[in-house]
Amino acid sequence: MITTVEQHLLKQQRSVSDATGTFSWLLNGITLATKMVEAKIRMGALSDSLGAYGAVNVQGEHQQKLDVFANEALLHTLGLRDSVAALVSEEDELPMMMNLDPERGKYIVIFDPLDGSSNIDVNVNVGTIFSIHKRVVSDKDDIEESILQPGYKQVAAGYVVYGPSTVLVYTAGSGVHGFTLDPRIGAYVLSNESMKMPEQGPYYSTNDANADTWPPVYREYLAMLRRGELGGKPYSARYIGSLVADFHRTLLKGGVFLYPPSTKSKKGKLRLMYEANPLAFIAEQAGGMAVNGPTRIMDLQPAHIHERTPFIVGSRREVEALQKALAEAE
Ligand code: AHG
Ligand code: MN
Ligand code: MN
């Protein structure tokens with residue numbers, strides 16, 4: 001008998017929220033939006049969703065039509081969920097306030113609606129990433145305080161990778177669970193329960209076109225992996241350019257993904273709130289690690305919703321070896 005993500009989450013419900021089904025109804029809004037995105041992606045050039053949209057977002061990036069479609073799909077489906085206090089999107093400069101009634105607006109949903117935009121038009125995997133925080137109802141209920149919470153406060157996180165199959169991976173703090181979209185019934189069906197990241201992997205994953213701008217220790221670290229000096233065989237390289245796809249392979253096969261700081265950008269390129277934090281939560285729940293170099297990603301206190309961070313995520317062996325190399329380089 002199949003287990004859908006909704007059924008699976010209801011079983012986990014106890015560990016996430018006190019509300020009866022509120023959280024699973026919220027997740028349902030996210031999965032519905034991803035099915036709308038998947039339907040567009042499946043049609044590729046036959047749909048109207050390839051190419052540039054013709055606007056520049058707050059990141060200074062040219063929005064693709066699918067960025068905008070995915071963003072609007074999530075805003076629409078989550079906007080109908082009474083339990084959402086605020087939404088934060090990579091594509092919108094400011095948070096969107098929804099139900100600010102502390103009694104009902106219980107969750108903050110933070111998302112990258114379409115990750116890997118540079119790959120949309122070349123038929124390569126792209127994704128959607130989401131992070132969920134509970135509202136901090138303090139005496140002065142300041143919604144900003146509820147939004148800018150460190151990653152270890154997340155109540156759930158997940159991603160969908162749109163590829164040969166469409167896979168949803170999520171954690172609500174009790175392990176990492178994978179589901180495959182069954183197009184015959186339009187449901188995400190449990191396909192990989194309690195996923196664990198291998199202790200060490202065969203790959204490193206990074207954009208080495210930036211190598212000359214990194215701190216030298218990162219170049220030396222990758223050379224050490226190529227020489228096979230971390231035990232095991234010399235490493236091979238895999239880099240898709242869609243974070244979600246590079247992360248998903250790392251979760252399944254092990255290894256390390258790195259987007260280091262550079263002279264071009266001291267804080268790297270990836271965004272803390274809707275790329276690093278959700279994937280860090282999943283990595284740790286699967287037995288891996290996620291750091292900005294010296295510090296655990298989920299311990300970082302965000303200062304603003306679009307802040308960037310260096311991001312190194314993957315198997316324990318490789319991440320610990322990088323932290324050791326950084327400590328010795330000081
Ligand atoms: P987004 O499409 O949401 O802006 O994310 C793109 C990110 C991430 O998906 C990927 O890992 C990284 O950009 C690739 O950056 P480079 O092209 O600089 O390697
Ligand atoms: Mn992204
Ligand atoms: Mn994006």
Side-chain angles (χ1 to χ4, degrees), residues 30 33-34 37 40-41 49-53 55-75 87-93 109-131 157-163 169 203-214 218 222 237-251 255-280 282-283 290 292 297 305-314:
I30 296 171
T34 67
V37 173
K40 282 280 182 194
I41 289 174
S49 61
L50 296 188
Y53 175 70
V56 173
N57 65 11
V58 64
Q59 321 283 340
E61 293 163 347
H62 289 282
Q63 286 181 307
Q64 300 302 299
K65 286 179 189 167
L66 207 59
D67 286 321
V68 175
F69 178 83
N71 195 39
E72 287 171 359
L74 278 160
L75 296 180
L87 296 173
V88 171
S89 168
E90 175 198 23
E91 299 301 330
D92 293 293
E93 183 171 1
V109 186
I110 302 165
F111 51 85
D112 177 357
L114 205 289
D115 173 68
S117 304
S118 65
N119 280 325
I120 295 171
D121 287 358
V122 294
N123 202 36
V124 165
N125 294 27
V126 291
T128 296
I129 313 173
F130 62 90
S131 165
Y159 61 85
V160 170
V161 51
Y162 308 99
V169 173
Y203 302 125
Y204 67 69
S205 182
T206 192
N207 182 346
D208 71 354
N210 300 324
D212 299 334
T213 66
W214 296 336
Y218 284 91
L222 293 178
R238 290 284 186 281
Y239 192 68
I240 298 167
S242 296
L243 171 62
V244 172
D246 281 318
F247 177 84
H248 189 63
R249 183 202 53 250
T250 306
L251 173 62
V256 60
F257 171 92
L258 310 91
Y259 210 107
S262 73
T263 49
K264 287 186 296 186
S265 164
K266 255 185 355 37
K267 297 199 83 176
K269 170 182 185 180
L270 299 176
R271 279 57 56 108
L272 175 60
M273 299 295 287
Y274 38 80
E275 288 174 321
N277 267 339
L279 299 184
I282 290 171
N292 69 354
I297 286 286
I305 58 174
H306 297 300
E307 80 177 63
R308 296 174 190 265
T309 178
F311 189 44
I312 296 94
V313 62

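When a ligand or atom number is given, it counts from 1 through the structure's own listing order.
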Can you sort out which atoms of ligand 1 are near L114, meaning under 4.0 Å from one of its heavy atoms?
2 (O), 3 (O)
Is a donor on one side and an acceptor on the other found under 3.5 Å between the side chain of T213 and the backbone of S262?
no
The Mn ion (ligand 3) - closest N/O/S atom in E90
OE1
Any N/O/S atom, backbone or side chain, of L114 lying under 2.8 Å from the Mn ion (ligand 3)?
yes
Once you round to the nearest 0.5 Å, how far does CG of D212 lie from OG1 of T263?
9.0 Å
Return the orientation label for the Y239 and F257 ring planes: parallel under 30°, perpendicular over 60°, tilted otherwise.
parallel
Among non-hydrogen protein atoms, atom 1 (P) of ligand 1 lies closest to G116 N, 3.7 Å
Assess, by modelled atom type and distance only, whether the side chains of Y162 and T128 contain a donor and an acceptor separated by less than 3.5 Å.
yes
In the protein, which heavy atom is nearest to atom 18 (O) of ligand 1, and how far is it?
Y259 OH, 2.6 Å
Just which atoms of ligand 1 are under 4.0 Å from any heavy atom in E90?
1 (P), 3 (O), 4 (O)
I need the nearest protein heavy-atom contact for atom 9 (O) of ligand 1: residue, atom name and distance, please.
D115 OD1, 2.7 Å
Taking 4.0 Å as the limit for heavy-atom contacts, which would you say applies to Q59 with ligand 1: side chain only, backbone only, both, or neither?
neither
Run the numbers for me: atoms of ligand 1, each under 4.0 Å from some heavy atom of S117, listed by number.
2 (O)
Under 4.0 Å, heavy-atom basis, I'd like to know which part of L243 is in contact with ligand 1: side chain, backbone, both or neither.
both
Atom 10 (C) of ligand 1: nearest protein contact (heavy atom, Å):
G241 O, 3.3 Å
To which of Q63, R271, E91, K269 does the heavy atom nearest atom 15 (O) of ligand 1 belong?
K269
Could you check whether R308 and S265, counting side-chain N and O atoms only, form a donor-acceptor pair closer than 3.5 Å?
no
Apply side-chain hydrogen bond (donor to acceptor under 3.5 Å, both in side chains) to the pair Q59 and E90, showing each step before the final yes or no.
CA-CA 8 Å; Q59 321 283 340; E90 175 198 23; 4.6 Å; no
What N, O or S atom of E275 is found closest to the Mn ion (ligand 2)?
OE2
Looking at non-hydrogen atoms alone, which of N57, L66, D112 comes nearest to atom 3 (O) of ligand 1?
D112
Where ligand 1 meets Y239 - atom numbers and elements under 4.0 angstrom, heavy-atom basis
14 (C), 15 (O), 16 (P), 19 (O)
The atom name of the N, O or S atom in D112 nearest to the Mn ion (ligand 3) is OD1
Taking N or O atoms only and a 3.5 Å limit, does F257 qualify as a polar contact for ligand 1?
no
A student checking ligand 1 against S242 at a 4.0 Å heavy-atom cut-off should list atoms 9 (O)
d(I41 CD1, L66 CG) to nearest 0.5 Å is 5.0 Å
Per-atom contacts, ligand 1 versus N207 - under 4.0 Å to a heavy atom
16 (P), 18 (O), 19 (O)
Can any side-chain N or O of E61 pair as donor or acceptor with the backbone N or O of N57 at less than 3.5 Å?
no
Expected output: side-chain D115 to main-chain L243 donor-acceptor under 3.5 Å
yes
Short question: side chain of D246, backbone of I240 - any donor-acceptor pair under 3.5 Å?
yes
Within the 3.5 Å criterion, strictly below it, is a donor on D67 or S117 matched to an acceptor on the partner's side chain?
yes
Show which atoms of ligand 1 fall inside a sub-4.0 Å distance from at least one heavy-atom site of E275.
3 (O), 5 (O)
Which heavy atom of the protein is the closest neighbour of atom 7 (C) of ligand 1, given with residue, atom name and distance?
L270 CD2, 3.9 Å
Just by distance, do the side chain of H306 and the backbone of E93 share a donor-acceptor pair under 3.5 Å?
yes
Are the ring centres of Y53 and H62 closer than 6.0 Å?
no
